[in-house]
Amino acid sequence: MKKFTVVLCLFLCLTLMFTACTTNEPAEEPAEEPTEEPTEEPADVPSVALLLAGAINDMDWNAGGYEGIMRLVDEYGTEVSYVESLAQSDMGDALRNYAEAGYDIIFGHSGQFQDAILLVAESYPDVQFVCINGTEVRDNVTNIEIAENEQGYMMGAAAALLSETGTVATIASVDIRPIRRSVDGFEMGAKATDPEIEVLSAFTGSWFDAAKAKEIAISMIDNNADVIANLAGIGGISIIEASNEAGTMAIGAGDQQHTVAPETVPVTVIRDLARIFTYIYDLELNGNLEQTHY
């Protein structure tokens with residue numbers, strides 16, 4: 001029975017983390033067959049810029065943002081640009097540079113960008129700014145929130161089902177609201193699955209400190225944790241490496257993380273972050289994007 005439950009849980013862990021409701025418009029009547037190929041140039045589509053606080057090779061949050069703009073290129077032929085590993089002190093200048101360059105939609109791929117977006121947006125009313133995991137809305141500022149708590153919950157449930165020692169853990173990067181929600185969700189999911197399980201958690205305090213993530217992972221393994229969930233961004237690769245070296249398990253949080261050590265990562269809980277971009281872009285193309293909290 002337990003094996004069946006594990007399989008069921010792991011299947012659920014592959015569930016799409018980001019959902020949105022759309023309305024299907026009735027199909028229009030087909031036009032008459034043209035006698036010759038149309039000669040008009042294709043309509044312009046909005047250009048998109050993406051600002052990232054981390055690196056696109058983290059196989060997690062920032063990689064998901066990069067995949068999002070690449071989907072726009074593939075599906076719409078969108079002109080895109082991005083900048084990665086931005087320090088908070090440089091975010092305002094980067095936003096202004098893209099606005100001055102004429103980009104129509106500018107994404108800040110983290111709540112860290114919110115203050116800079118609110119400041120810069122006032123000077124560029126014709127540019128649409130989107131803050132992912134932000135909380136504030138303005139006339140040209142939209143924000144969209146990810147169900148981080150749901151991802152954490154499923155990671156915790158999977159970890160509790162897989163654990164043989166009765167101790168599981170999660171390591172996160174920076175202690176900000178969205179990541180804290182993931183950590184809290186992890187504990188809820190683990191406790192809901194096994195009320196007696198011990199849950200360890202820690203933050204590295206950095207988006208980039210892979211060495212510290214591995215150090216914390218080793219310490220948690222020494223304290224009997226046999227399943228560790230990665231919420232540490234690029235540090236997650238080091239968590240997987242530590243688990244692999246110790247013969248324990250890790251829960252992945254980004255696409256393809258299992259390839260680092262397939263026998264160590266039995267399940268990855270994937271958020272389809274790229275869908276954020278096509279969702280917002282479709283709304284904008286159809287004139288339905290609102291300045292609200294999605």
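We're numbering straight along the sequence, starting at 1.
Taking CD from Q291 and OH from Y294, the interatomic distance works out to 7.5 Å, rounded to the nearest 0.5 Å. In this structure, L50 CG and S81 OG are separated by 9.0 Å, a value rounded to the nearest 0.5 Å. Atom CD1 of I179 and atom CG of D184 lie 12.0 Å apart (nearest 0.5 Å). The CZ atom of R271 sits 6.5 Å away from atom OG of S182, with the distance rounded to the nearest 0.5 Å. To the nearest 0.5 angstrom, F129 atom CZ is 8.0 Å from Y124 atom OH. In this structure, CE on M91 lies 4.0 Å from CZ on F113, to the nearest 0.5 angstrom.
Formation of a donor-acceptor pair under 3.5 Å by the E136 side chain with backbone atoms of Q114 is not found in this model. N244 contributes no side-chain N or O that, together with a main-chain N or O of I240, makes up a donor-acceptor pair within less than 3.5 Å. Judged by distance alone, the side chain of N286 and the main-chain N or O of D282 form a donor-acceptor pair under 3.5 Å. Put simply, the side chain of T204 never gets that close to the backbone of D209: no donor and acceptor are under 3.5 Å apart. Without hydrogens or angle criteria, D139 side chain to P125 main chain gives no donor-acceptor distance under 3.5 Å. At least one donor-acceptor pair closer than 3.5 Å links the side chain of S243 to the backbone N or O of I239. T268 contributes no side-chain N or O that, together with a main-chain N or O of I270, makes up a donor-acceptor pair within less than 3.5 Å. Panel note: side chain S47, backbone D104; a donor-acceptor pair is recorded below 3.5 Å. Listed for the D58 side chain is no donor-acceptor partner under 3.5 Å among the backbone atoms of G233. In this structure a side-chain-to-backbone donor-acceptor pair under 3.5 Å is present from T278 to R275.
A salt bridge links R177 to E145: one of the charged nitrogens lies within less than 4.0 Å of a carboxylate oxygen. A salt bridge between R71 and D272 is present, with a side-chain N of the basic residue lying under 4.0 Å from a carboxylate O of the acidic one. A salt bridge links R96 to D93: one of the charged nitrogens lies within less than 4.0 Å of a carboxylate oxygen.
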Worksheet item: So L273 and E67, side-chain contact (heavy atoms from CB on, under 4.5 Å) or not? Walk me through it.
Response: CA-CA 8 Å; L273 297 174; E67 182 188 346; over 6 Å; no

Practice prompt. Start with the C-alpha gap between L200 and T167, add the side-chain angles, then the distance that decides, and say whether side-chain contact (heavy atoms from CB on, under 4.5 Å) holds.
Written response: CA-CA 7 Å; L200 309 177; T167 301; 3.9 Å; yes

Practice prompt. Evaluate side-chain contact (heavy atoms from CB on, under 4.5 Å) for L231 paired with S173, printing each intermediate quantity in order.
Written response: CA-CA 7 Å; L231 294 169; S173 52; over 6 Å; no

Worksheet item: Could you walk me through whether E198 and K191 pass the salt bridge (Lys or Arg N to Asp or Glu O under 4.0 Å) check?
Response: CA-CA 8 Å; E198 183 177 357; K191 292 287 188 181; over 6 Å; no

Practice prompt. For the pair V48 and E79, evaluate side-chain contact (heavy atoms from CB on, under 4.5 Å) and give the outcome as yes or no after the intermediate values.
Written response: CA-CA 6 Å; V48 171; E79 177 189 348; over 6 Å; no

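Nearest heavy-atom pair, M220 versus A169, reported as atom, atom and distance to 0.1 Å: SD-CB, 3.4 Å. Across A242 and I221, no two heavy atoms sit closer than the pair O-CD1, 3.8 Å. Considering every non-hydrogen atom in both F208 and S85, the closest pair reads CE2-OG, 4.0 Å. Here the shortest heavy-atom pairing between L162 and P266 reads CD1-CG, 3.6 Å. Nearest heavy-atom pair across A190 and V199 is CB-CG2, 3.9 Å. Here the shortest heavy-atom pairing between I251 and A158 reads CD1-CB, 4.3 Å.
Side-chain contact between N143 and V137: present, with at least one pair of heavy atoms (C-beta onward) separated by less than 4.5 Å. Here the side chains of T170 and I228 are not in contact, with every heavy-atom distance at 4.5 Å or above. Between I69 and F277 there is a side-chain heavy-atom pair separated by less than 4.5 Å. No side-chain heavy atom of R181 sits under 4.5 Å from any side-chain heavy atom of P178. Between Y98 and L51, some side-chain heavy-atom pair lies under the 4.5 Å cut-off. Residues I117 and L95 form a side-chain contact, since some pair of their non-hydrogen atoms from C-beta on lies under 4.5 Å apart. I280 has its side chain within reach of F107: a pair of non-hydrogen atoms, C-beta onward, lies under 4.5 Å apart. Looking only at side-chain heavy atoms (C-beta outward), I171 and F203 stay at 4.5 Å or farther from each other.
For the 3.5 Å distance criterion, the side chains of E148 and N133 qualify, holding a donor opposite an acceptor. Side-chain contact, Q128 with T142: a donor N or O sits under 3.5 Å from an acceptor N or O. Side-chain contact, T248 with D226: no donor N or O sits under 3.5 Å from an acceptor N or O. Counting only N and O atoms by type, the side chains of E187 and S201 include no donor and acceptor under 3.5 Å apart.
Cluster membership check: M59 does not share its hydrophobic cluster with I56, using side-chain heavy-atom separations under 4.5 Å among Ile, Leu, Val, Met, Phe, Trp and Tyr. Under the 4.5 Å side-chain heavy-atom criterion for ILVMFWY residues, no single connected hydrophobic cluster contains both V260 and M249. L52 is not connected to L86 by any chain of hydrophobic side-chain contacts under 4.5 Å among Ile, Leu, Val, Met, Phe, Trp and Tyr, and they are in different clusters. I106 and V130 are assigned to two separate hydrophobic clusters, defined by single-linkage of ILVMFWY side chains at heavy-atom distances under 4.5 Å. Note on V141 and I146: separate hydrophobic clusters, where clusters join Ile, Leu, Val, Met, Phe, Trp and Tyr whose side-chain heavy atoms are under 4.5 Å apart, directly or indirectly.
The ring pair (Phe, Tyr, Trp, His ring centres under 6.0 Å) analysis of residues 60-84, with sequence neighbours excluded, yields the pairs W61-H109, Y66-Y82, Y76-Y281.
Around the CE atom of M188, the shell of radius 6.0 Å holds no more than 12 heavy atoms that belong to other residues, nucleotides or ligands.
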